[in-house]
Structure formats: structure tokens, C-alpha cells
Amino acid sequence: MTLEWDAAEYEVVSVPHVGWGVGLLGRALERRPLRGDETAIDAGCGTGKITELLLRHLPDGTVLAVDASAAMVEAARERFAGDGRVRVEQQDLVRLQVERPVDLIFSTATFHWIQDHEGLFGRLARALKPGGRLVVQCGGKGNIARVMGATEEVMDDERFRDFFEGWEDPWNFADAETTRARLEAAGFEEVETWLQDEVTRFGSIDELARFLKTVVLGRHLERLPESEQQPFADAVAEKVAAAEDAFTINYVRLNILATRGRGP
Ligand SMILES: C[S@@+](CC[C@H](N)C(=O)[O-])C[C@H]1O[C@@H](n2cnc3c(N)ncnc32)[C@H](O)[C@@H]1O
């Protein structure tokens, strides 16, 4: 089932994501600059903040911005209203359909929400032209480990326990080697995958709780009545802050640069 996002809140709190997006694009384009007239997909575009970064490099190109969340799609459509280079579609990436294969697929902070990476990479390969490029960053092995520990402790609290019966973690934090093998099996070449630590600091416990609530804990919160959602996020933030002795999330990003092979 599709997770719905609070797009307005996400737009405000997703500050670290912009830095990650700039870093990834910079690195990818240093290796192979764009001409500026390519066709691209932003896979999991959210509100379109990072799509904007991509568009700066595509003055004569086009971007198909895809997201599964209705709220995110609406926000991205508003953002790009009047920009003929962008089309926004609500689609599940695991079943991605495109009219014509594109030159570039770009994606940030999305693939760890998808369990079936083999299926996903197969879809992406089919959506790319032979020789087309995949540029991705998402959560990787070890990502938000302390947040996960703190969240499990809070879920086990008497106040919340009954809501999490049959719970399975929503994230897929893959490692670099497994991801490389999956990409090669899906027909990608020149595959580079690597993990990167990104310690992210917040100014206060309230800022940390707000961020966790909007960006990290969506799947948990949808199990809870509204009245319990803020207390749950606050409790996780308190435990994270206590364990870290700071308002910090230890992110580990998985980076992917790959080229769709020229074979069938
Ligand atoms: C953390 S946001 C990242 C948004 C944007 N790329 C950024 O970096 O700010 C993750 C996005 O992935 C989308 N998403 C997650 N699973 C998806 C799927 N299977 N198909 C399409 N979008 C998906 C969510 O709806 C959400 O908008």
C-alpha cells in the first residue's frame, strides 16, 4: 500500500536532502557532463525540490517526475506548473511505464522504501535508452541504525505495542556489493556503488522529532491513531538524543552510478 506523505512538512524539513542531491549530481556530472537537451526521469520526485536541481542542467531537456504519493505529486505539479520541460506522474516505480526510454534516471532518498530492488532495477533498465545513465542515492546498509534501535524500543513500550502486531520494517538498506550484483544482473554496466556516512545534526529535540515524524517514521505513524503520533515521534527523538548525547541522525547513503548496457 502506498505511503502518503505530508508534502508541505516535507518541503520545509527536507534540508539535508538538498545537500545530498547537490553532491551526488555534482559527482555524476563531473564524470560525464550533460549536453543540456537530454530526457530524464526523477524517480521518487517528492515535492520536486531535487528535480529543480536536475532541471538547472537541462535547459533544453525534459524531466518526467514520478512519485507514488498523491500529495507529493500534487505538490510537484504545483511547483512545475507552466514549466513545459516537466511532466509529473503518479506511478509506482516497481511498475514504471514510460512512453519512450530516456537518457538519464535520477533518484534521491527513495529506493530504500522499495523492497524489490531486482524488480525495480529491471524496470529502470527498460526505461533507459541503451547507454543511458542511472544516478541514485538512497539509504544504504547501516543507515539510521540508532534511530532504528530507538524506534524498536518505543514500539515495544506498553503504550504502543498493540499497534505494531505483525510489524515488518519498511526499509531496504542494501549494501554496495549486493546492489552492484543486482544492477549487473539487470543489464547495467560501468557500475559503481559505494556507501557514504552523512551525520546530520538538528538544532533541538523538537526539530529532530519534527524531522523524524515527517521523513522517517511515516510507516510507523500510519499504524497509530492521530493522538498517538506526536507522542510516538517525541519518544523516538528523546531516545535518539539520549543515545547520541546530541540531536543527530547517523545517515549512511548508498550511491549508485551505472550505465544501461547496449545489449538487448
Ligand atoms: C524521502 S522522499 C524523497 C523525495 C525527493 N527525491 C528528495 O530527495 O527530496 C521519498 C519519496 O519516494 C516516494 N516513493 C517511495 N516508494 C515509491 C515507489 N514505489 N514508487 C514511487 N515513488 C515512491 C515517496 O512517495 C516519496 O515522495
Side-chain angles (χ1 to χ4, degrees), residues 1-28 40-56 63-80 86-98 102 104-124 126-127 134-140 143-144 147 168-174 196 198 200 210-222 249 251-256:
M1 208 185 66
T2 304
L3 173 65
E4 263 317 327
W5 291 67
D6 183 335
E9 270 290 280
Y10 186 83
E11 175 70 14
V12 174
V13 301
S14 60
V15 177
H17 301 70
V18 177
W20 300 338
V22 169
L24 172 67
L25 258 185
R27 188 150 181 175
I41 293 172
D42 184 355
C45 62
T47 60
K49 224 191 226 182
I50 312 287
T51 322
E52 260 176 7
L53 299 177
L54 177 61
L55 281 161
R56 283 187 204 156
V63 176
L64 171 62
V66 174
D67 203 283
S69 150
M72 290 299 211
V73 164
E74 195 186 327
R77 282 197 177 131
E78 265 174 38
R79 173 174 242 124
F80 297 116
V86 186
R87 200 170 76 244
V88 184
E89 287 185 6
Q90 186 177 9
Q91 287 203 55
D92 185 334
L93 292 169
V94 175
R95 290 186 283 278
L96 179 66
Q97 305 255 19
V98 294
V102 297
L104 169 70
I105 296 179
F106 178 62
S107 180
T108 53
T110 296
F111 288 6
H112 55 270
W113 289 103
I114 297 175
Q115 295 304 318
D116 178 11
H117 278 185
E118 283 96 342
L120 172 67
F121 295 159
R123 281 282 167 175
L124 299 181
R126 285 195 287 281
L134 184 64
V135 177
V136 176
Q137 188 181 88
C138 61
N143 195 39
I144 64 167
V147 171
E168 281 176 32
D169 271 332
W171 306 297
N172 179 6
F173 297 138
Q196 167 188 336
E198 285 287 353
T200 303
R210 186 178 179 189
F211 184 89
L212 288 169
K213 189 172 178 220
T214 306
V215 178
V216 181
L217 297 174
R219 278 285 179 215
H220 298 77
L221 300 184
E222 68 180 3
I249 300 181
Y251 273 103
V252 180
R253 314 312 291 166
L254 169 64
N255 296 289
I256 298 173

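Each residue takes its place number in the sequence, starting with 1. When a ligand or atom number is given, it counts from 1 through the structure's own listing order.
Shortest non-hydrogen contact noted between Thr2 and Arg219 is C-NH2, 3.8 Å. The nearest pair of heavy atoms linking Gly44 to Leu93 is N-CD1, 3.9 Å. Considering all non-hydrogen atoms of both residues, Val216 and Trp113 come closest at O-CH2, 3.7 Å. Taking all atoms of both residues into account, the shortest heavy-atom contact from Gln97 to Glu89 is O-OE1, 4.5 Å.
Polar contact with ligand 1: present for Tyr10 (N/O pair, distance under 3.5 Å). For ligand 1, the polar-atom distance check finds an N/O of Gly44 within less than 3.5 Å of one of the ligand's N/O atoms. Below 3.5 Å of separation, one finds an N or O of Asp92 facing an N or O of ligand 1. Of the N or O atoms in Leu93, one or more lie within a sub-3.5 Å distance of an N or O in ligand 1.
In this structure a side-chain-to-backbone donor-acceptor pair under 3.5 Å is present from Gln90 to Ala68. Side-chain atoms of Asn172 come within 3.5 Å of backbone atoms of Gln115 as a donor-acceptor pair (strictly under, hydrogens ignored). Checking side-chain atoms of Asp67 against main-chain N and O of Cys45 turns up a donor-acceptor pair under 3.5 Å. Side chain of His112 to backbone of Leu254: no donor-acceptor contact under 3.5 angstrom is found.
Of all atoms in ligand 1, numbered sequentially from 1 with element shown, those under 4.0 Å from a heavy atom of Met72 are 27 (O). With ligand atoms numbered from 1 in the order given, ligand 1 contributes 16 (N), 18 (C), 19 (N) to contacts under 4.0 Å with heavy atoms of Ile114. Residue-ligand proximity, Ser69 to ligand 1, at heavy-atom distances under 4.0 Å covers atoms 25 (O). Under a 4.0 Å criterion applied to the non-hydrogen atoms of Ile50, ligand 1 contributes the atoms 7 (C), 8 (O), 9 (O). For ligand 1, the atoms sitting less than 4.0 Å from at least one non-hydrogen atom of Gly46 are 4 (C), 27 (O), numbered in the order shown with element in parentheses.
When Leu120, Thr110, Val216 are ranked by how near their heavy atoms come to atom 11 (C) of ligand 1, first place goes to Thr110.
If you check which protein heavy atom lies closest to atom 8 (O) of ligand 1, you get Thr108 OG1, 2.7 Å. The protein atom (non-hydrogen) at minimum distance from atom 27 (O) of ligand 1 is Asp67 OD2, 2.6 Å. Nearest protein heavy-atom neighbour of atom 10 (C) of ligand 1: Ala109 O, 3.2 Å. Summary of contacts: the protein heavy atom closest to atom 15 (C) of ligand 1 is Trp113 CB, 3.8 Å. For atom 22 (N) of ligand 1, the nearest protein heavy atom (residue, atom name, distance) is Ala68 N, 3.1 Å.
Residue contacts with ligand 1, taken as heavy atom pairs separated by less than 4.0 Å, involve Gln91 solely via the backbone atoms N, CA, C and O. Within the 4.0 Å heavy-atom criterion, neither part of Trp20 lies near ligand 1. Residue-level proximity to ligand 1 for Cys45 is carried by the backbone, the only part with a heavy atom below 4.0 angstrom.
Under a 4.0 Å heavy-atom criterion, Val66 is not in contact with ligand 1.
If you check the side chains of Ser69 and Glu4, you find a donor sitting under 3.5 Å from an acceptor.
Asn143 is not listed as a side-chain neighbour of Trp171, based on a closest heavy-atom distance of 4.5 Å or more.
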